[in-house]
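Chain A is the first sequence line, chain B the second, and so forth, proteins listed ahead of strands; every chain is numbered from 1. These numbers come from the heavy atoms of this one structure, side chains and all, not from hydrogens, waters or symmetry mates.
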Amino acid sequence: MQIEFPDGRVQQIEAGVTGSDIAKGISPSLEKKAVAISLNGELKDLNVPLTAGGKFRIITKDDPEGVEILRHDTAHVLAETIKELYPDAQITIGPVIENGFFYDIYRDKPFTTDDFEGIEQRMREIVDRNEPIQREEWDRDEAIKYFESIGEKFKAEIIRDIPAGQVISLYRQGKFLDLCRGPHLPSTGRLGKAFKLMKLAGAYWRGDSKNPMLQRIYGTAWATEEQLKQHLHMLEEAEKRDHRKLGREMDLFHMQDEAPGSVFWHPKGWTIYRELQNYIRRRISKVGYVEVNTPIMVDRILWEASGHWEKFHENMFISETEDKLFALKPMNCPCHVQIFRQGIKSYRDLPLRMAEFGCCHRNEPSGALHGLMRVRSFVQDDAHIFCQEDDITSETKAFCDLLMSVYKDFGFTDVRIKFSDRPEKRAGTDATWDKAEGALMEAVKASGLEYTLNPGEGAFYGPKLEFVLRDAIGRDWQCGTLQVDFVLPERLDANYIGSDGEKHRPVMLHRAILGSIERFFGILIENYAGKLPLWLAPTQVVIATVVDSANEYAKIICDQLKEAELRVGMDLRNEKISYKVRDLSVQKIPYIAVVGAKEAEEQTISLRQLGSQEQTVMTLKDFVAMMKANAAPPA
RNA sequence: GCCGAUUUAGCUCAGCUGGUAGAGCAUCUGAUUUGUAAUCAGAGGGUCGUUGGUUCGAAUCCGACAAUCGGCACCA
């Protein structure tokens, strides 16, 4: 039989030869770096005798698949360590995740992060022991019996659930035997020591909140110490940009115990917030949206009619007054239908694009709250497009164009789309869902954008597109959405008169670009690390004086900048200029205009931009013109 | 909501095995009039998250509650 290498070279091999043998044949150093092989796209252990030929590749620690195997092995070594140090613990599953792995463990006594040092120590010992890792294929019943005999009930349960006919493979290293699909390294010594335990958290068995709570140990693992160091450094950087920290440091907003999940916006934060809102206002009004505003508190009757009460009433804030039960609106759509229903609508009025920056409240579970990213009181850049079925494609395409253009203005160009179809619990008939999913699918195809399927994740009233953007440090955030809804217009009895003179149901497209403005604000702060583009910066420029005698001149400059509608401040404090420059830089002020006796004399300023040491001297007139031009928001 | 951790001055954090609190930065006052990332000196500031309990005595030990943090579950 023969194998073919990625470069096209073909080699004859005999049956029974292992990947390890082949690697050694190429070079001993390659064999040392190898972690597994890929045969016809399938990953296999290095030491498994080959029984067939085909497309062959040696996987090393440098390959993405190689690092995954290494992480998986690290999880196994963690499990082995846990069984050695805490024999009463039961192990469950330990998969690879981004940058590392975790292992879920059942044990009565909680672990603490103080245990990490001892665990890591023992893990390193197991690496030093260089235990061979061997694959074994077991009979299902034997495997169940074995794991039950050693008290590993969770493992036994997993094996029971493996579909019949599938091979039950176990991997043995030292005295430790774990259920695993593989592949694995040939021995624990190959792992290296570029790993670290990171976090401890609770996690439900099989992800179901009705099941027992397990303890999850998170770890990170890399091919080299250098990569581990880099990763830890990246985490530090992410921590530095945390919007909760920057929000406090930059005096943008705060939250307090008396209003958990709600934001107290400070003047600077609110300036940014309003800029964002007004930017969206300009963008949507240009493409045919109208803006409305609807009540925050609405009778439960409307929520029952829309279907929200049944599904979400536990997460709604309610208020009883006289004999009525009101709910704070968790979303705007039912209110928009009420506006649509006023008067008689003609097909000539469609598509009607109705936008609202409505304040919505959702009683999110306490454990879900997270800074600005998950709040209980928020505003979306929400809109509903009432249209005819034939309009879905063109409206979807127009929306995708708008959304991409908006994201681009914030510097987000890496955007992915997820197509989420019918969930298990849903409103509307299957025929309606067929129609809605078909129409949305056709629309997204027509938009020419790439998408991935996200089965079962649609809203209860319709399928949706979800727009995921990638930020400056590579994190993904789901922000925009577009949902096709045939259900709500029906339930809330919206209709229009068609060209045939008959009544028809409009289709509703629910859509948002930024999503929650609170959350998008947080994403922006972290994306820019607080260094906002000029048009968003709450203070765009500060005039800093070198001596008191320049104060009058500073005030003249300040007035002129205000006249040009710039957000300007003055630093007339009795401090050295280097102190002011440091202080204003720490505050992330985009521009500092320094003026002393010389500038006052010559009617100039000395300009310094955030992040640069350079000083540019320019005339006052040029300076004001330049600032005005640069501070203009995107169209 | 569930698991674990945390909560001390505006911020960041000390405070060992119980004897009623401390630093740096910030703030205020004074001196200094200064040329591009921290001038010097002094002062003020805390019911130690809230609330019960143990104790002669609690920031410290125990309980309840709240909020926050890390996850899980949830996310119209």
Would you call A/Phe312 stacked on B/rA76, i.e. ring centres under 5.5 Å apart with the planes less than 30° off parallel? yes
Please determine whether any donor N or O and acceptor N or O are separated by less than 3.5 Å between the side chain of A/Ser585 and the base of B/rU36. no
Does A/Arg244 put a side-chain nitrogen or oxygen below 4.0 Å from OP1 or OP2 of B/rG70? yes
Quiz question: going by heavy-atom distance under 3.5 Å, is there a donor-acceptor pair between the base of B/rG35 and the side chain of A/Glu599? yes
Taking donor-acceptor contacts at under 3.5 Å, does the side chain of A/Arg206 reach the base of B/rC72? no
Is the distance from OP1 or OP2 of B/rC74 to the nearest side-chain N or O of A/Arg374 less than 4.0 Å? no
Check whether A/Phe378 forms a cation-pi arrangement with A/Arg376 (NZ or CZ under 6.0 Å from the six-membered ring centre, at most 45° off the ring normal). no
Between A/His370 and B/rG70, is there a side-chain N or O to OP1/OP2 distance below 4.0 Å? yes
Are any of A/Gln615's side-chain N or O atoms less than 4.0 Å away from OP1 or OP2 of B/rG35? no
Inter-nucleotide P distance (B/rU12, B/rU7), Å rounded: 12 Å
Can you tell me the distance, in whole Å, between the CD atom of A/Gln215 and the C1' atom of B/rG70? 14 Å
Looking at A/Thr92, A/Ile158, A/Ile93, which hits side-chain contact (heavy atoms from CB on, under 4.5 Å) with A/Arg206? A/Ile158
Give a yes-or-no answer on whether the side chains of A/Tyr553 and A/Gln603 include a donor-acceptor pair shorter than 3.5 Å. no
When the C1' atoms of B/rU47 and B/rU20 are compared, how many Å lie between them, rounded to an integer? 10 Å
